[in-house]
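The chains referred to below are lettered A, B, ... by the order of the sequence lines, with proteins before strands, and numbering in each begins at 1. Bear in mind the structure is a predicted one, so any value in this text is a computation, not a measurement.
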Protein chains: 2
Amino acid sequence: MTENPAEQAITSADKTFYQLRRDIVEGVVAAGSKLSEADLAGRYNVSRAVIREAISRLESCHLIERKANVGAKVVGLSEQGLTELYQVRESLEGMAARLAAINMTDEEIEKLQDLLSSHFKTVKTGETYYQEAGDVDFHYRIILGSKNQHLINLLVNGLYHLIRMYRVQLGMAGPRVTTAFDEHKHIVQAIANRDAELAEMLMRRHIQYTQRNLASKLTSN
Amino acid sequence: MTENPAEQAITSADKTFYQLRRDIVEGVVAAGSKLSEADLAGRYNVSRAVIREAISRLESCHLIERKANVGAKVVGLSEQGLTELYQVRESLEGMAARLAAINMTDEEIEKLQDLLSSHFKTVKTGETYYQEAGDVDFHYRIILGSKNQHLINLLVNGLYHLIRMYRVQLGMAGPRVTTAFDEHKHIVQAIANRDAELAEMLMRRHIQYTQRNLASKLTSN
DNA sequence: AAACCTAAGATTGTCGACAATATCTAACGC
DNA sequence: GCGTTAGATATTGTCGACAATCTTAGGTTT
């Protein structure tokens, strides 16, 4: 559904990688479970070579861990893991917001404001699917707006899938919709004002709030 | 020389990966050059399978780039690449310093101060090899002191090799030794005072200075 | 009964061969 | 002469088999 169109699979390993990644993020392959190469080769109808290739790439995303001569395991979800992940996210996305305030074009900022307006309408009608698609879209635009390829890779190809894995498997975020909207609005304002310092600070606080919201769910489960 | 003892190669792909990584960082394999699998297989006396494995891991370190059905190339060094890299580094190591101020044990902080003292003696005698070994050692301790495994992985296994590649191939840092020492001292003080906010700020400024120092060399070459 | 060795089974690591794709070369048509 | 196309060559992707290593089960010893 929310597939990145840029990610078109051209080789067989690509396809297997994307599918396996989705299955891990969505929990079809359980968190913490062991990945047998022969097993997966049979399940996805490919040779062990492409499975190894896919596993190798999944390791880059921090979705699995490998030990030599032993095998690969899906990462486990824990409160500490979530905390660590969000500390990194806070750091990187804060920098992304700072750079976006400097590097986004006026046109891009306008479109970002348009996106926000459309979200506002959606929130008013009470639809709550906002969180998943809209929130990700918002953050992606700012990340891409940083124009820093390193940062973009790290976040889009690296951390975001793990973040999504936590979101999906702990149940999507709850009643924070309207308050998150205000935070988004202030971040966009700071970017529009070309106030890099403030944009970074607001983004960091926004992510801190999000983390606390998720963490409260984790402990109450 | 400055090999991380934790990185012992147990499989053949490990050995090839470490060696190829070193060759890339040191410039034995030229930046920007194409990597032919058959070529490397012959040069390192291993099968193409282990070369592919090694290449796959090097991609995780951001040291090479791959395109399907075309091949792998060593990343190129550019001023923009350096800027982007240091923006990410500033962000992540800033967070590392913040967390180190919170999570390092009193004992670890004492040892960090000892390290600083020994550096002070070295600087006074005018030895300049400080930069390479000592500086890396200093930063590593703070990174590890964050106790955030994500952050540690991203920096130690990811960005630091690329940073080293820039350092090595643009000539090691120059006359900034004594002024860098003062910056280090203030960072340690902030950590010892458990002042997370200040530690992050000082680390970020320290890294900004370092970047400018490197960038000036790049343009003058 | 607990700890330790041993052998069998299962899993990952490595290899060489074949298939699919891209790149280069040269001939052809306009 | 230049662009285009077709074939030849080289490179990467995929596969199945074998080797090396780990894990498990069973038996032996203390």
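- Side-chain N/O atoms of A:Thr11 include one lying less than 4.0 angstrom from OP1 or OP2 on D:dT14.
- Take B:His161 and apply the ring-ring contact (aromatic ring centres under 6.0 Å, His included) test, not counting sequence neighbours, and it matches no residue.
- Counting only residues at least two apart or in different chains, salt bridge (Lys or Arg N to Asp or Glu O under 4.0 Å) contacts with residues 138-155 of chain A comprise A:Glu108-A:Lys147, A:Asp137-A:Arg141.
- Summary of the strand contacts: B:Val70 and A:Asn45 both lie near DNA chain D, and taking for each the nucleotide with the nearest heavy atom, the more 5' one is attributed to B:Val70.
- For the pair A:Ala13 and B:Ile10, nearest-nucleotide mapping onto DNA chain D gives the more 5' position to A:Ala13.
- Phosphate contact (OP1/OP2 of C:dT14, side-chain N/O of B:Ser47, threshold under 4.0 Å): absent.
- A:Ile55 comes within 4.0 angstrom of no nucleic acid atom, judged by non-hydrogen atoms across all strands.
- OP1 or OP2 of D:dT12 sits under 4.0 Å from a side-chain N or O of B:Lys34.
- Under 4.0 angstrom from either OP1 or OP2 of D:dT12 there lies no side-chain N or O belonging to B:Arg52.
- Between B:Glu26 and B:Arg164 there is a salt bridge, since a side-chain N of the basic residue sits under 4.0 Å from a carboxylate O of the acidic one.
- Of all nucleotides listed (D:dC18, C:dC15, C:dT21), D:dC18 comes nearest to the side chain of A:Arg48.
- A salt bridge is defined here as a Lys NZ or Arg NE, NH1 or NH2 lying under 4.0 Å from an Asp or Glu carboxylate O, and A:Asp106 with A:Lys111 fails to meet this definition.
- Atom OH of B:Tyr44 is separated from atom C1' of C:dT14 by 19 Å (rounded to the nearest Å).
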